[in-house]
S.K.: 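Before we start, here is the structure in question, set down as structure tokens.
Computation of the quantities below employed the complete heavy-atom set of this structure, encompassing side-chain atoms and omitting hydrogens, waters and symmetry-equivalent molecules.
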Amino acid sequence: MSGASVVNAANTRVLLHGATIVHHDSVDARSVTIDGGAVAARTAIDMKIDLRDHLIFPGLINAHDHLQLNSIPPLPHDAPFLNSYAWIDAFEPHLQSAEVVAARQVPTDARHWHGGLKNVLAGATTVAHHDPQHVIFDEPAFPVRVLTEFGWSHSLGLGDSRDGGTPRYGPSVRESFCATPSDLPWVIHLAEG
């Protein structure tokens, strides 16, 4: 494919030929047309890809991510943490380690892309990003869809402050829930994976 074709991939009409499509309740072999990045009725195509012996699954939704933090080295530990609060208490000093400081020096656009690519390679096509929206999410080539219309609070403990002041992380649970219109989803982090 030429460089110009790669740049315009979001506008390319592609026929995925002969794939096995996995639905929530069935499996069937057929072709799928992608037009403008979405499944479409059969239309004129620009490219045909043979996917015999391949499976196509529905995209997963990642309900909690910090896309710009996916390339930070993991926290070294020998045993599971009691809960997510113990994990975050241990992680805060880890942010000062030389390898984490170096990872955070990578430009934010690249770090957001790393997070998007990590998600799509794991099968997640939609992400609820628990940080401020970034302009790069609006680029047509960004690898995942980042939700923009939803309410969120990090968790029961980190969305509220320890001392009655500013929340430790993100909006408070009560304020965020009350401020989210009833026709939009509201997401909270219930566990640390």
Side-chain angles (χ1 to χ4, degrees), residues 6 9-10 37 55 57-181 184-193:
V6 171
L55 302 173
F57 289 87
L60 300 173
I61 298 172
N62 179 349
H64 179 101
D65 207 332
H66 306 270
L67 291 171
Q68 80 284 7
L69 300 180
N70 276 272
S71 58
I72 288 181
L75 176 65
H77 60 90
D78 296 327
F81 290 98
L82 181 62
N83 56 44
S84 61
Y85 307 117
W87 177 85
I88 199 119
D89 286 343
F91 201 87
E92 286 175 352
H94 179 58
L95 291 173
Q96 307 310 314
S97 72
E99 61 183 353
V100 173
V101 169
R104 293 180 83 180
Q105 295 301 312
V106 172
T108 188
D109 286 1
R111 289 190 292 127
H112 281 95
W113 262 89
H114 292 162
L117 290 170
K118 180 179 175 182
N119 272 274
V120 80
L121 290 172
T125 57
T126 301
V127 175
H129 177 65
H130 281 212
D131 280 307
Q133 292 295 306
H134 192 280
V135 66
I136 202 165
F137 302 155
D138 296 330
E139 291 183 2
F142 195 72
V144 293
R145 178 175 159 248
V146 179
L147 296 177
T148 57
E149 295 187 23
F150 70 103
W152 69 278
S153 182
H154 185 279
S155 55
L156 294 174
L158 296 179
D160 293 314
S161 66
R162 288 182 172 171
D163 58 6
T166 304
R168 282 183 71 192
Y169 189 82
S172 78
V173 174
R174 182 178 179 88
E175 290 173 17
S176 170
F177 184 78
C178 291
T180 302
L184 294 180
W186 185 78
V187 180
I188 190 165
H189 185 194
L190 293 179
E192 190 66 53

S.K.: Taking the six-membered ring for Trp, is the centroid-to-centroid distance between H134 and H129 below 6.0 Å?
M.R.: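 Distance test on ring centres: not under 6.0 Å, no.
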
S.K.: Can you give me the closest heavy-atom contact between Q133 and L147, atom names plus distance?
M.R.: NE2-O, 3.3 Å

S.K.: Parallel, tilted or perpendicular: which describes the rings of F81 and H77, with under 30° parallel and over 60° perpendicular?
M.R.: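 It falls in the tilted class, 30° to 60°.
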
S.K.: If only atom types and distance count, is the side chain of R111 paired as donor or acceptor with the main-chain N or O of V106 below 3.5 Å?
M.R.: yes

S.K.: Which heavy atom of A103 sits nearest to which heavy atom of S71, and what is that distance?
M.R.: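 Taking every non-hydrogen atom into account, CB-O, 3.9 Å.
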
S.K.: Taking all non-hydrogen atoms of both residues, which atom of V120 and which atom of P143 are closest, and how far apart?
M.R.: CG2-O, 3.7 Å

S.K.: Which atom pair, heavy atoms only, marks the closest approach of P185 to T180?
M.R.: O-CG2, 3.8 Å

S.K.: How far does NE2 of H66 sit from CD1 of I72, to the nearest 0.5 angstrom?
M.R.: 10.0 Å

S.K.: How far does OG1 of T126 sit from CD1 of I61, to the nearest 0.5 angstrom?
M.R.: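 Rounded to the nearest 0.5 Å, the OG1-CD1 separation comes to 5.5 Å.
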
S.K.: If you look at every heavy atom in S172 and S153, which pair is closest and at what distance?
M.R.: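 Taking S172 first and S153 second, the nearest heavy atoms are C-OG, 3.7 Å.
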
S.K.: Is a donor on one side and an acceptor on the other found under 3.5 Å between the side chain of S97 and the backbone of H94?
M.R.: yes

S.K.: Quick one: pull up CG in L67 and CG in N62 and give me the separation to the nearest 0.5 Å.
M.R.: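 L67 atom CG to N62 atom CG measures 7.5 Å (nearest 0.5 Å).
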
S.K.: Roughly how far apart are T108 OG1 and Q105 CD, rounded to 0.5 Å?
M.R.: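 The OG1 atom of T108 sits 11.5 Å away from the CD atom of Q105.
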
S.K.: How about E99: does its CD atom have over 12 heavy atoms from other parts shown lying under 6.0 Å from it?
M.R.: yes

S.K.: Identify, with sequence neighbours excluded, every residue that meets side-chain hydrogen bond (donor to acceptor under 3.5 Å, both in side chains) alongside H114.
M.R.: none

S.K.: I need the single residue from V187, I188, L69, D65 that forms a side chain to side chain contact (heavy atoms under 4.5 Å, CB included) with H130. Which is it?
M.R.: V187

S.K.: Walk me through it: do R145 and V127 pass the test side-chain contact (heavy atoms from CB on, under 4.5 Å)?
M.R.: CA-CA 6 Å; R145 178 175 159 248; V127 175; over 6 Å; no

S.K.: Please walk me through it: do W87 and E92 pass side-chain contact (heavy atoms from CB on, under 4.5 Å)?
M.R.: CA-CA 9 Å; W87 177 85; E92 286 175 352; over 6 Å; no

S.K.: In terms of relative ring orientation, are F177 and W186 parallel, tilted or perpendicular, with 30° and 60° separating the classes?
M.R.: perpendicular

S.K.: Compare every heavy atom of F137 with every heavy atom of P132, then report the nearest pair and how far apart it is.
M.R.: O-CE1, 4.4 Å

